[in-house]
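A short write-up of the structure that comes next.
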Amino acid sequence: MVPALRQMSGRHRTETGDERLGTLLAFVAGAINAGGFLAVGYYTSHMSGIVSSIADFLVLHRWTAALISVLSVFSFFSGAVTSSLLINWARRRGLHSEFALTLMLEAVLLLLFGLLARDVQVTVALLCFTMGLQNSLITKISHAEIRTTHVTGIVTDLGIECGRFLFERTTHTEVRFHLKKVILLSRLLAGFLAGGLVGATMFNWAGFITVLPFAFLLAVIAAGPVWDDVSQRFRGKSS
């Protein structure tokens, strides 16, 4: 079990580790997005709708709502920037926790949200920041092959592969149909949907503290590489 966790959060990446982490993060994003909507009335993981809502609110003269939407986009952007900074900072120092630091930060932010979040504006900003953090992480890890906080690209890519498959079968012309990619995309879509169902159900039942198990899960995954760096630092000081 421990090697599987390190495969997801360790510095040395494998395709299997990337896919497992992507599926898990899609599950978390689906839970936060759906559950967060029930908690505060906003979706926080996909920016397309939020950017469109800025225009709608401005036309309708709903200035406060427009401001919240602008803050949401900026928070998502800031989360992506923070993830990139953390990864590059850790990489420059040769840390084992090059990617695990971002996962650990996401776990801490979800913990704060579960225990302290009450104000709607602060909650929306925090969740958008967290989703930007997560999406930037998996994008860098997978070289932009995997996205976890929205499913537009996933459904589009599934449609492309389905079109290739149908074209090949109906015309008997060989095209590049990628079954392995279809399986991965299907897993990501299923993970996001399953997370949404779990998150919405749990938020409806328990409220904000629903995110605590997700925070714990991310912390456990990130713990190995982070501990490696901490223990190595202490060994260096004692020698």
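When a residue number appears, it is its place in the shown sequence, counting from 1.
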Next item on the list: Would you please name every residue forming a ring-ring contact (aromatic ring centres under 6.0 Å, His included) with F57, sequence neighbours left out?
Entry: none

Next item on the list: Return the set of residues passing ring-ring contact (aromatic ring centres under 6.0 Å, His included) with H143 (not counting sequence neighbours), or none when no residue passes.
Entry: none

Next item on the list: Scan L101, L103, L109 and name whichever one has a side-chain contact (heavy atoms from CB on, under 4.5 Å) with L105.
Entry: L109

Notebook entry, point to check: If you look at every heavy atom in L25 and I138, which pair is closest and at what distance?
Noted result: CD1-CB, 4.2 Å

Checklist line | Option passing side-chain contact (heavy atoms from CB on, under 4.5 Å) with F27 (candidates V198, I32, L188) | finding: V198

Next item on the list: For the residue pair S142 and D18, confirm or rule out a side-chain donor-acceptor distance under 3.5 Å.
Entry: no

Check: Which pair of non-hydrogen atoms, one from R13 and one from F99, has the smallest distance, and what is that distance?
Finding: CD-CE1, 3.6 Å

Margin query: Please determine whether side chain to side chain contact (heavy atoms under 4.5 Å, CB included) holds for the pair L21 and S9, giving the CA-CA distance in whole Å, both sets of side-chain angles, and the decisive distance to 0.1 Å.
Written below: CA-CA 8 Å; L21 180 63; S9 61; over 6 Å; no

Notebook entry, point to check: OG1/T102 to CD1/I87 distance, rounded to the nearest 0.5 angstrom?
Noted result: 4.5 Å

Margin query: So that I can tick it off, tell me whether D228 and R6 are bridged by a salt bridge, with the cut-off set at under 4.0 angstrom between side-chain N and carboxylate O.
Written below: yes

Next item on the list: List in chain and number order the residues that pass ring-ring contact (aromatic ring centres under 6.0 Å, His included) with F177, two or more places apart in sequence or in another chain; answer none if no residue qualifies.
Entry: F165

Note to self: Please tell me whether T148 and Q134 have a donor and an acceptor in their side chains that are separated by less than 3.5 angstrom.
What the structure shows: yes

Note to self: Please give me the minimum heavy-atom distance between A100 and V226, naming the atom from each residue.
What the structure shows: CB-CG2, 4.1 Å

Checklist line | Nearest heavy-atom neighbours spanning T210 and G199 | finding: CG2-O, 4.3 Å

Note to self: Among residues at least two apart in sequence or on other chains, which ones pass side-chain contact (heavy atoms from CB on, under 4.5 Å) with L67?
What the structure shows: none

Notebook entry, point to check: So does Y43 have more than 12 non-hydrogen atoms from other groups sitting under 6.0 Å from OH?
Noted result: no

Next item on the list: Could you check R176 against E161 for side chain to side chain contact (heavy atoms under 4.5 Å, CB included), going step by step and ending with a plain yes or no?
Entry: CA-CA 8 Å; R176 288 189 174 183; E161 294 302 325; over 6 Å; no

Margin query: Quick check against the 3.5 Å criterion: does R147 have a side-chain atom that pairs as donor or acceptor with the backbone of T152?
Written below: no

Margin query: Please enumerate all residues that pass salt bridge (charged side-chain N to carboxylate O under 4.0 Å, His left out) together with E98, with sequence neighbours excluded.
Written below: R91

Next item on the list: Kindly write out the residues that satisfy ring-ring contact (aromatic ring centres under 6.0 Å, His included) with H96, not counting sequence neighbours, or none if the list is empty.
Entry: none

Check: Within a radius of less than 6.0 Å around CG of L58, do more than 12 heavy atoms belonging to other residues, nucleotides or ligands occur?
Finding: yes

Notebook entry, point to check: Any chance CH2 of W63 has more than 12 other-residue heavy atoms, nucleotides or ligands included, within less than 6.0 Å?
Noted result: yes

Next item on the list: Side-chain contact test, heavy atoms from C-beta onward, threshold under 4.5 Å: evaluate it for L127 versus N33 and give yes or no.
Entry: no

Note to self: Tell me whether R93 at atom CZ has more than 12 heavy atoms from other residues, nucleotides or ligands lying less than 6.0 Å away.
What the structure shows: yes

Next item on the list: Taking atom types as modelled, find out whether S136 and S84 have a side-chain donor-acceptor pair closer than 3.5 angstrom.
Entry: no

